[in-house]
Chemist: 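Pasting in a structure now, in structure tokens, and then I'll have a few things to ask.
Just the heavy atoms: all of them, side chains too, but no hydrogens, waters or symmetry mates, feed the values below.
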Amino acid sequence: MYFKEVHRWAAEADRLLPELRHRRVAPIALVRPEADPAAWQGWKTVQAGELTEAVGAELPCSCEFTFDFGEYCVGHLELEFEFTRPVDAPFCFQAKFAETPFELASDFASYHGTLGRGWLQEQEFVYDDPSGVIRLPRRYAFRYLKFRVEAGSDAYRFRLKNICCDTTTSADWSKLPPPAPSCDGLDREIDRIGMATLAACMQECFEDGPKRDRRLWLGDLRLQALANYPSFGNLDLVKRCLLLFAAATGDEGRVPGCLYLKHPLPAAGNLLYDYQVLYGDMLLDYLRASGDREFVRDLWPVAKRQCELGFEEFEDDRLVEREDRWIFIDWQENLEKECAAHGVMIYALERTFELARELGIEAEVLEYPVVAERLRRMAVELWMDRESGFFRCGPDGQISWASQLWMALAGAVPRDQAADLLLRVIAEPAATGPGGPFLHNQMVLALEQFGRHEAARALTRRYWGKMVEFGADTFWEVFVPSEPLRSPYRDPMINSHCHAWSTPVFNFRQSSGVNIPVSGRR
């Protein structure tokens with residue numbers, strides 16, 4: 001094991017286990033899904049009777065209702081039944097939980113995606129003694145609940161006296177500053193839905209998605225932390241997550257891409273190169289948000305080790321292809337990633353050196369700026385097209401958002417040209433754009449870093465505003481407006497519709513007095 005402190009870091013993370021805040025949410029209507037070509041993903045819900053037909057009324061042994069809870073809920077379903085005749089057989093009901101009308105209308109039996117179907121939220125429950133309040137043991141994430149009692153005993157009738165979801169989050173809504181006075185209606189709606197997304201993912205850690213994956217991912221944590229600092233300001237939850245990753249570094253000292261929260265140490269999963277090397281960047285953001293130098297100094301060796309490991313994968317100043325690790329960058333299909341990953345490494349070296357300087361220990365990494373400059377020269381030599389002014393990557397000379405923004409953040413073009421590079425690639429019809437919210441957020445951060453606040457706001461309004469237009473309760477893992485059924489997992493019913501990396505990082509609280517640390521070169 002590379003770091004002897006992993007058990008101490010795990011114990012410190014345990015001590016920061018947050019207290020979850022509870023709020024009970026009851027359904028507001030009975031609905032049914034209805035096909036509608038004009039609706040997002042082709043489905044909407046319509047009213048299907050009065051709520052009193054299901055709650056409080058005597059019900060037959062076979063019945064079915066679909067409840068609309070009116071908002072996105074993350075928590076435990078609670079039901080209270082009253083039986084008007086003796087229960088002469090076990091009481092059985094099925095529950096299907098859905099985030100969207102499309103998911104509600106989908107037949108889970110037809111699922112053919114690449115991820116385990118266990119993430120689909122449909123289960124049967126059997127109770128020998130259904131008296132009293134029944135609390136489902138598993139936590140669910142949903143807006144809609146399809147409830148069915150099938151082939152029960154004719155000997156009994158029952159009433160559903162109460163139904164609600166005991167929702168949980170570690171976010172404290174009372175600490176949320178109001179949006180800036182300059183925000184208009186769309187700004188406020190994006191902000192409201194963004195905060196609902198972030199809060200739903202703030203459980204015992206910053207989860208990837210409360211329906212799926214319910215794991216802690218390093219790249220998502222980076223975006224969630226930046227959205228959290230000027231909003232809920234839950235520094236302890238960021239600190240806990242940074243400790244959990246440090247505790248999972250293993251024999252080589254490598255920070256994993258994601259974690260399964262097991263004891264005595266978190267279990268690591270998925271090696272992601274571009275997530276790993278940015279650990280020092282996240283520590284620097286945390287230091288600037290919290291001022292906690294002692295904590296950051298304690299984790300400094302982890303940050304330094306990620307840069308060492310990252311650069312070990314270079315030969316002759318180029319990243320070597322490997323089958324045992326993943327370069328993510330974005331979900332966009334056919335994205336050429338070498339140029340962007342090269343930029344991520346330069347950026348990581350610069351930011352980690354900046355962290356060392358703020359800690360007063362830059363002597364440990366004096367070679368980082370030298371290496372970064374050498375990699376910048378190589379990037380310009382390999383990928384800069386002087387005629388177009390774009391970085392072109394791959395055999396076909398692909399122009400992508402990813403290459404331009406990471407080269408800009410890496411300083412491969414002069415600072416006064418970086419913003420122009422970003423604005424030009426956004427406007428370039430032939431450019432390969434993002435495959436979803438993750439890279440959109442990266443572009444927003446890059447625009448902010450180079451002083452293009454209004455361009456960042458405009459991009460946020462244009463992209464996340466479309467999700468608002470399509471009726472989002474929380475922001476979605478996958479969103480390409482022209483492809484409503486797109487899924488990187490081959491089946492859209494497994495997509496997450498409340499997802500960490502889709503929380504907008506644009507700060508609508510610029511006048512709130514909270515200073516958001518912007519990741520980038522200063």
Side-chain angles (χ1 to χ4, degrees), residues 23-36 38-55 59 63-79 93-111 113 117-125 134-136 138-150 160 162-169 193 196-197 199-201 209-212 214 467-468 470-479 484-485 487 491-499 502:
R23 182 173 65 93
R24 281 177 165 75
V25 177
I28 62 168
L30 295 181
V31 297
R32 59 178 172 82
E34 183 178 281
D36 182 355
W40 176 247
Q41 296 183 318
W43 290 89
K44 65 181 180 180
T45 58
V46 296
Q47 189 168 346
E50 299 298 325
L51 196 57
T52 52
E53 297 174 29
V55 182
L59 300 174
C63 59
E64 178 179 303
F65 301 98
T66 298
F67 297 98
D68 179 359
F69 281 71
E71 64 183 77
Y72 191 86
C73 298
V74 179
H76 293 263
L77 187 69
E78 294 183 350
L79 308 110
F93 67 87
Q94 294 88 40
K96 176 181 179 178
F97 301 86
E99 295 178 309
T100 64
F102 167 79
E103 187 179 5
L104 180 63
S106 296
D107 179 7
F108 285 178
S110 69
Y111 175 68
R117 79 175 313 280
W119 290 118
L120 300 177
Q121 300 179 115
E122 185 176 47
Q123 286 188 267
E124 181 174 276
F125 301 90
I134 292 175
R135 180 182 173 91
L136 300 192
R138 188 174 188 271
R139 195 192 77 198
Y140 292 95
F142 64 101
R143 173 170 173 169
Y144 304 102
L145 165 66
K146 184 176 181 180
F147 173 85
R148 177 188 297 171
V149 177
E150 189 70 40
L160 177 58
N162 291 296
I163 176 172
C164 72
C165 181
D166 178 18
T167 66
T168 60
T169 179
I193 298 171
T197 306
C201 294
K211 180 186 88 170
R212 204 221 79 239
R214 295 171 64 158
M467 280 190 263
V468 173
F470 288 132
D473 296 304
T474 48
F475 289 129
W476 308 327
E477 172 190 19
V478 181
F479 180 58
L485 298 181
S487 175
D491 193 321
M493 71 176 75
I494 203 72
N495 289 1
S496 166
H497 284 85
C498 177
H499 213 72
S502 196

Chemist: What's the spacing between L79 CG and C164 SG if we round to 0.5 Å?
Modeler: 8.0 Å
Chemist: My understanding is that only one of R23, R139, R135 makes a salt bridge (Lys or Arg N to Asp or Glu O under 4.0 Å) with D166; could you say which?
Modeler: R135
Chemist: Apply side-chain contact (heavy atoms from CB on, under 4.5 Å) to T100 and Y72, showing your working.
Modeler: CA-CA 9 Å; T100 64; Y72 191 86; over 6 Å; no
Chemist: Return the minimal non-hydrogen interatomic distance between L145 and A95, and the atom names on each side.
Modeler: CD1-CB, 3.8 Å
Chemist: Passes side-chain contact (heavy atoms from CB on, under 4.5 Å), V74 versus T167? Steps please.
Modeler: CA-CA 5 Å; V74 179; T167 66; 5.7 Å; no
Chemist: Take F479 and W40, measure what ring-ring contact (aromatic ring centres under 6.0 Å, His included) needs, and give me the verdict at the end.
Modeler: CA-CA 11 Å; F479 180 58; W40 176 247; 5.3 Å; yes
Chemist: Any side-chain to backbone donor/acceptor pair from E99 onto H497? Under 3.5 Å, distance only.
Modeler: yes
Chemist: Would you compute the distance between atom CZ of R24 and atom CD1 of I163 and round it to the nearest 0.5 angstrom?
Modeler: 13.0 Å
Chemist: Any idea which heavy atoms bring S487 and I494 closest together, and the distance?
Modeler: OG-CG2, 4.4 Å
Chemist: Answer whether the closest heavy-atom distance between the side chains of E64 and K146 falls below 4.5 Å.
Modeler: yes
Chemist: I'd like to know if the side chain of Q121 and the backbone of A141 have a donor-acceptor N/O pair within less than 3.5 Å.
Modeler: yes
Chemist: Looking at OG of S496 and CH2 of W476, how far apart are the two atoms once the value is rounded to the nearest 0.5 Å?
Modeler: 12.0 Å
Chemist: Would a distance-only check, ignoring hydrogens and angles, find a side-chain to backbone donor-acceptor pair under 3.5 Å from R117 to F108?
Modeler: yes
Chemist: Any heavy-atom pair between the side chains of F102 and N495 that's under 4.5 Å?
Modeler: no
Chemist: Could you tell me the separation between the OG1 atom of T66 and the NZ atom of K96, rounded to the nearest 0.5 Å?
Modeler: 8.5 Å
Chemist: Within the 4.5 Å heavy-atom criterion, are L30 and E50 side-chain neighbours or not?
Modeler: no
Chemist: Suppose we screen for side-chain hydrogen bond (donor to acceptor under 3.5 Å, both in side chains). Which residues come up paired with Y144, at least two apart in sequence or across chains?
Modeler: none
Chemist: Just by modelled atom types, is the L136 backbone N or O under 3.5 Å from a matching donor or acceptor in the H76 side chain?
Modeler: yes
Chemist: Less than 4.0 Å between a side-chain N and a carboxylate O, is that true for K211 and E477?
Modeler: no
Chemist: Can you tell me how far OG of S106 sits from CG of L120, rounded to the nearest 0.5 angstrom?
Modeler: 9.0 Å
Chemist: Looking only at atom types and distance, does a side-chain atom of S502 sit under 3.5 Å from a main-chain N or O of H499, one as donor and one as acceptor?
Modeler: no
Chemist: Apply the test side-chain contact (heavy atoms from CB on, under 4.5 Å) to residues E78 and N162: give CA-CA distance (whole Å), side-chain angles for both, the deciding distance (0.1 Å), then the verdict.
Modeler: CA-CA 8 Å; E78 294 183 350; N162 291 296; over 6 Å; no
Chemist: Can you see which heavy atom on G70 is nearest to which on I28, and at what distance?
Modeler: CA-CD1, 3.5 Å
Chemist: Is any side-chain heavy atom of T45 closer than 4.5 Å to one of L104?
Modeler: yes
Chemist: Which atoms form the tightest heavy-atom contact between D473 and I193, and what is the distance?
Modeler: O-CG2, 3.4 Å
Chemist: How close do T169 and A199 get, heavy atom to heavy atom, and via which atoms?
Modeler: OG1-O, 2.6 Å
Chemist: What closest approach, in Å, do F97 and E103 show between heavy atoms, and which atom pair accounts for it?
Modeler: O-OE2, 3.9 Å
Chemist: Determine whether F125 and I134 make a side-chain contact, defined as any pair of heavy atoms from C-beta on separated by less than 4.5 Å.
Modeler: no
Chemist: Under the ring pair (Phe, Tyr, Trp, His ring centres under 6.0 Å) test against F147, which residue among F142, F93, F65 passes?
Modeler: F93
